[in-house]
Amino acid sequence: MFGASIGRAGQRIIDAMVRWLARGAINPNTLTSLGLAINVGSGLLFGFGRFFWAGIVLIIANLFDMLDGQVARLSGRVTSFGGFLDSSLDRLSDMVVFVGLMVFYARATEYHSTLNVFLAGAGLMGSVMVSYASARAESMIPKCDVGFLRRPERVVLFIIGALSTVPGSNNYFAYRMPAVLWVLAVGSYWTFAHRMYHTWTEVNRSEAKHVVAESGASAGEQSEVRGKPTLAHKPG
């Protein structure tokens, strides 16, 4: 009940911010660009090993990512380019965080780990392929957003890994970023495979319906031709 009250209060704050921004002269595309700039700051903090603060900055960055679409809808400034810009900068926002983690684990420090560099790189590649598969599939089918590891889930995992990294902590749940990288690396390719399979089944279903429709049309035409009277049947 307490958590639900906090959730409702948070939603009211977000709604108030959306209304205030929609009344102003701020372009939703500006909010999208600010979100990317803040995400770059988060990536830099990850690269320098300031994981906890990187997580805080990541939360702020994704607040902008959440606001831009709502402001665009409320202010009547929804555009095709705005959607394209938002989607494109989201991909960059993902990449800068992965690159920051790769830089951190590649540095010659006590936290150096070739395995973690590999996992971060694999997660980066997987996240790009998940997004690409969706974009390419939706040129053939109406929607392809299946899979459990989409961008919101990736962001939440990054935040969990970052906020759990508290210097000097001996808690079992501290320093969970390596575990997060495993989930991101494996989960991204699982989601990519799921979208490939979903697209394959939807395209096959669509083609089968098209073949049936064409067969029905051809049968109808042949029936119509057979039903027409020939010279032998025409009355004299």
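Following chains of ILVMFWY side-chain contacts shorter than 4.5 Å, one can reach Leu45 starting from Val40, so the two form part of one hydrophobic cluster. Both Leu34 and Ile60 are assigned to one and the same hydrophobic cluster, defined by single-linkage of ILVMFWY side chains at heavy-atom distances under 4.5 Å. Residues Leu92 and Leu31 fall within the same hydrophobic cluster, defined by Ile, Leu, Val, Met, Phe, Trp and Tyr side chains chained together at heavy-atom separations under 4.5 Å. Val146 and Trp190 sit in two unconnected hydrophobic clusters of ILVMFWY residues. Membership requires side-chain heavy atoms under 4.5 Å apart, directly or through other members. Ile56 and Leu63 fall within the same hydrophobic cluster, defined by Ile, Leu, Val, Met, Phe, Trp and Tyr side-chain heavy atoms under 4.5 Å apart, directly or through other members.
Remark: Met196 CE is loosely packed, at most 12 non-hydrogen atoms of other residues, nucleotides or ligands lying under 6.0 Å away. When the shell of 6.0 Å around CZ of Phe148 is examined, it contains more than 12 heavy atoms from other residues, nucleotides or ligands. Remark: Met95 CE is packed, more than 12 non-hydrogen atoms of other residues, nucleotides or ligands lying under 6.0 Å away. The number of heavy atoms from other shown groups lying within 6.0 Å of CZ (Arg195) is above 12.
Taking Thr191 as the reference, nothing meets the side-chain hydrogen bond (donor to acceptor under 3.5 Å, both in side chains) condition, with sequence neighbours excluded. In this structure, the side-chain hydrogen bond (donor to acceptor under 3.5 Å, both in side chains) partners of Ser93, at least two apart in sequence or on a different chain, are Asn39. For Ser139, the side-chain hydrogen bond (donor to acceptor under 3.5 Å, both in side chains) partners two or more places apart in sequence, or in a different chain, are Arg136.
Val211 shares a hydrophobic cluster with no other residue; no ILVMFWY side chain has heavy atoms under 4.5 Å from its own.
Within the structure, every pair that satisfies the ring-ring contact (aromatic ring centres under 6.0 Å, His included) test and touches residues 109-128, not counting sequence neighbours, is listed here: Phe104-Tyr111. Annotation: salt bridge (charged side-chain N to carboxylate O under 4.0 Å, His left out) contacts involving residues 91-102, sequence neighbours excluded, comprise Asp94-Arg151, Asp94-Arg154.
Residues Trp182 and Leu115 are in side-chain contact: their nearest non-hydrogen atoms beyond the backbone lie under 4.5 Å apart. Inter-residue side-chain proximity for Leu184 and Phe98 is flagged as met; some heavy-atom pair is nearer than 4.5 Å. With contacts defined as side-chain heavy-atom distances shorter than 4.5 Å, the pair Ser33/Leu89 qualifies. Contact of the Val130 side chain with the Phe192 side chain is registered, since non-hydrogen atoms from C-beta on lie closer than 4.5 Å. Between Ser80 and Phe84, every side-chain heavy-atom pair lies at or beyond the 4.5 Å cut-off. The shortest side-chain heavy-atom distance between Phe51 and Leu101 falls under the 4.5 Å cut-off.
Between the side chain of Gln70 and the backbone N or O of Leu67, no donor-acceptor pair lies under 3.5 Å. A donor-acceptor pair under 3.5 Å links the side-chain atoms of Thr201 to the main chain of Tyr197, judged by distance alone. At least one donor-acceptor pair under 3.5 Å links the side chain of Ser134 to the backbone N or O of Cys144. With Arg107 contributing its side chain and Gly47 its backbone, the two residues share a donor-acceptor pair below 3.5 Å. Using modelled atom types, one side-chain atom of Ser164 and one backbone atom of Gly161 make a donor-acceptor pair closer than 3.5 Å. A donor-acceptor pair is defined here as one N or O able to donate and one able to accept, closer than 3.5 Å; such a pair exists between the side chain of Thr32 and the backbone of Pro28. Formation of a donor-acceptor pair under 3.5 Å by the Asn62 side chain with backbone atoms of Leu58 is found in this model.
Expressed to the nearest 0.5 Å, how far OG of Ser127 lies from OH of Tyr132 amounts to 15.0 Å. Distance CG/Leu124 to CG/Leu181: 11.0 Å, rounded to 0.5 Å. The line from CG of Asn27 to OG1 of Thr79 is 7.5 Å long, rounded to the nearest 0.5 Å. Rounded to the nearest 0.5 Å, atoms CD1 (Ile141) and CZ (Arg205) are 10.0 Å apart. Taking CZ of Arg50 as the reference point, atom OG1 of Thr165 lies at 12.5 Å (rounded to 0.5 Å). Here OH of Tyr189 is found 8.5 Å from CE of Met129. Values are rounded to the nearest 0.5 Å.
Nearest approach of Ser188 to Gly123, heavy atoms of both residues: OG-O, 4.1 Å. Here the closest heavy-atom approach between residue Gly55 and residue Ile159 is recorded as O-CG1, 4.3 Å. The two residues Met177 and Phe46 make their nearest non-hydrogen contact at CE-CE2, 3.7 Å. Here the closest heavy-atom approach between residue Val57 and residue Gly41 is recorded as CG1-C, 4.5 Å. Scanning all heavy atoms of the two residues, the minimum distance from Phe64 to Ile38 falls at CE1-CD1, 3.5 Å. Heavy atoms only, all atoms of each residue included: Ser42 and Ala54 are closest at OG-O, 3.1 Å.
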